[in-house]
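Sequence lines set the chain letters: A, B, ... in the order given, protein chains first and strands last, and positions in each chain run from 1.
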Number of protein chains: 2
Amino acid sequence: MHRKEVAKLAGVSEATVSRVLNGVGPVKEETRKRVMEAAQQLNYVPSALAQRFALRRSGNLGVILPMLPKVNLFSTFYFSEVLSGIGITAKQRGYDLLMLFREPDEPRDYVNLFRTQKVDACIVLGAQDVPNERAALAELQDGRHPFCLVNQRFDGESFNTVDADHQMGSCQAVKHLAERGFKRILFLNGPAVYSNSLDRLDGYRQGIEEAGLTYDRSMVLVGNYSRKSGYKQAEAVAWLIREGRTDAVIAANDRMAIGLLQGLKELGIQVGKDVALIGCDDSDGARLTDPPLSSIQVPFYEVGCAAASRLLDTISDPRNSFAVKLPVKLIERASSAAVAFTES
Amino acid sequence: MHRKEVAKLAGVSEATVSRVLNGVGPVKEETRKRVMEAAQQLNYVPSALAQRFALRRSGNLGVILPMLPKVNLFSTFYFSEVLSGIGITAKQRGYDLLMLFREPDEPRDYVNLFRTQKVDACIVLGAQDVPNERAALAELQDGRHPFCLVNQRFDGESFNTVDADHQMGSCQAVKHLAERGFKRILFLNGPAVYSNSLDRLDGYRQGIEEAGLTYDRSMVLVGNYSRKSGYKQAEAVAWLIREGRTDAVIAANDRMAIGLLQGLKELGIQVGKDVALIGCDDSDGARLTDPPLSSIQVPFYEVGCAAASRLLDTISDPRNSFAVKLPVKLIERASSAAVAFTES
């Protein structure tokens, strides 16, 4: 199919066809419409686009993101850091970034993104271990479409993943507190649909046991990673503190820790003095609270870089499959600096 | 050009051609390669893709973002809020978001994004009033490609824009301080290549004059909107405070205000007591500093929503051109709560 035939059918010059299809130079709206209709009728596609199709290269790296109700996604530390790492790496490798928002209940037709050549490869953020997600990812895997997960494992599947060592993080936090004499360490975890919540719980339990303390299921509370869910636990935690049933808290992210800190402050309980508190993420906020918040530093930016880089490597050679786990590090600040008080 | 001819050239069945081109079902790698080569040779594109081309619809809303050295872009409050607004609105309107990172020196061939049908419309963030940017945008305008600017005007051009009323913001801040008796109000602005910096300066000047004070050019300092650039001004500001030459500071964003606050604290100067301080953005950080930071609340999320929504309206009817300006609001916190001390 040639440009000439499109020009003939539309009754314009070949130069006009070029101008319309390339979107350059002034063209009357009526002429533009005629050319587009002729092109559509003849199934004409300029050769550059046809080539791009044949090479199956969109030049886009897809990022699937959950739509979380009432959350400005980009404003959460986790997503913004990971996306920065992905974005910079994609740019360095000559890719643009296609953000694909998915509602919780929306069908997950990930394969279609590849079929319609919207993306050449795809990173899935905020995946949950629920049946329809698992099925959609298995379908991608079966079709040999390049994709990877960040911060989420699916046990029994060999999906490409990049993650941080969350287990190591909460284990370190428990041992840090135990060394300072804290013995009744509460753990405020996130939901179990995220494998990183389970990893953190494993690490908490491991730390408790290695410190010679006794694991007590009732010492594990659950929030949803929002600041509000930390704030809401303040009354229950304040009661446990006043009853002498807890002397330290580890929260599975900084947002919950900061919410809890604010709630405790309102109830007259001073973090860093009446109770020790450790967050997780080492976000900007951890440096700004009063007292500054000890936190497990997670290299989310580097996680994003590694995900994009390793994934793009699999395009040229699918044998480059990977499961990366980056180390974390406890950053000590005033919220856990005190030594435990002698027992009353 | 038909699927039949591709099948013939590749020596496979038409069903196999479909499987390969649609990326469904199992196909041997060798077969896949043969089909793709045949399709490329014949310039064959499946009709769904050809139609999408003819309709000139990629389903993508482009967002052009500057690559700022050493800045995790998504982690800055401004970009993350605006992008959240854009992302949610795009999703509601059935668009995916294509992020296009541009290096400062990179040629700005925005028109090409439309020519190659990577995007249907495009939002430009972090634009600067420099000649090559102005030229690239004028080219988009001439080609009638739907685009808009956020938070940046180009005087003399009728580009679509969405912005917040920055002039109103710094004017309010000056008057708030003047009412409390502060008379020597320093202004820490951002670079003049951003029209919003110029707007803030206009507002500062207007406020100074309306409060019956005298505008003094030497009371305007310039940073680059980073926390570090605020921190770096601490020594100069501390000197001015000790000399009695300033009693209050307005910073053009919270990051610079927080950097300045930290620097002053290290020099033994207490914000909220020795000097009043007001930031701008009302970011999360403003609530977390000690003392909490007064700040001009800018509805960046709503700015993003408005930009995406108004821009997508222009696709169906280019006459829907727009220049939106959303109001801002001063949030008072402890950093500017004190009343000015009697002069020594």
Side-chain angles (χ1 to χ4, degrees), chain A residues 1 21-26 36-37 39-41 43-56 58-60 65 67 72-77 79-81 83-85 87-88 90-91 96-101 103 111 114-118 142-143 145 258 284-285 288-290 301, chain B residues 1 22-26 36-37 39-41 43-56 58-60 65 67 72-77 79-81 83-85 87-88 90-91 96-101 103 111 114-118 142-143 145 258 284-285 287-290 301:
Chain A
M1 198 64 57
L21 295 181
N22 296 324
V24 260
M36 293 312 289
E37 278 166 9
Q40 192 175 358
Q41 205 175 322
N43 257 357
Y44 173 83
V45 174
S47 57
L49 210 78
Q51 277 214 347
R52 200 170 80 196
F53 170 75
L55 294 170
R56 299 187 81 74
S58 64
N60 295 339
L65 291 158
M67 292 285 279
N72 289 7
L73 202 59
F74 293 108
S75 305
T76 65
F77 185 75
F79 283 106
S80 59
E81 287 286 304
L83 285 173
S84 291
I88 281 167
K91 172 71 183 167
D96 294 313
L97 213 60
L98 187 64
M99 303 287 198
L100 305 145
F101 297 94
E103 311 256 14
V111 167
F114 289 87
R115 260 182 224 156
T116 56
Q117 300 201 336
K118 291 208 78 156
D142 291 346
H145 299 297
I258 289 170
D284 281 350
L288 299 177
T289 51
D290 176 27
Y301 176 80
Chain B
M1 196 62 56
N22 296 324
V24 260
M36 291 313 289
E37 279 165 10
Q40 192 174 358
Q41 204 174 322
N43 257 356
Y44 174 83
V45 173
S47 57
L49 210 77
Q51 279 214 347
R52 201 170 79 197
F53 170 75
L55 295 171
R56 301 186 80 73
S58 65
N60 295 338
L65 291 158
M67 292 285 279
N72 288 9
L73 202 59
F74 293 108
S75 306
T76 65
F77 184 75
F79 284 106
S80 59
E81 287 286 303
L83 285 173
S84 292
I88 281 167
K91 172 70 183 168
D96 294 314
L97 214 59
L98 187 65
M99 302 288 198
L100 304 146
F101 296 94
E103 310 257 13
V111 167
F114 289 87
R115 262 183 223 156
T116 57
Q117 301 201 335
K118 292 207 79 157
D142 291 346
H145 299 296
I258 289 170
D284 281 349
R287 259 148 284 173
L288 299 178
T289 52
D290 177 28
Y301 176 80

Note to self: Minimum heavy-atom separation for A/Met99 and B/Asp96, please, with both atom names.
What the structure shows: O-CB, 3.8 Å

Margin query: As a test of understanding, state which of B/Ile258, B/Asp290, B/Asp284 forms a side-chain contact (heavy atoms from CB on, under 4.5 Å) with A/Leu288.
Written below: B/Ile258

Next item on the list: Could you grab the distance from atom CG of A/Asn60 to atom CG of B/Asn60, nearest 0.5 Å is fine?
Entry: 6.5 Å

Note to self: Just verifying a value: how many Å separate A/Leu65 CG and B/Lys91 NZ, rounded to the nearest 0.5 Å?
What the structure shows: 10.5 Å

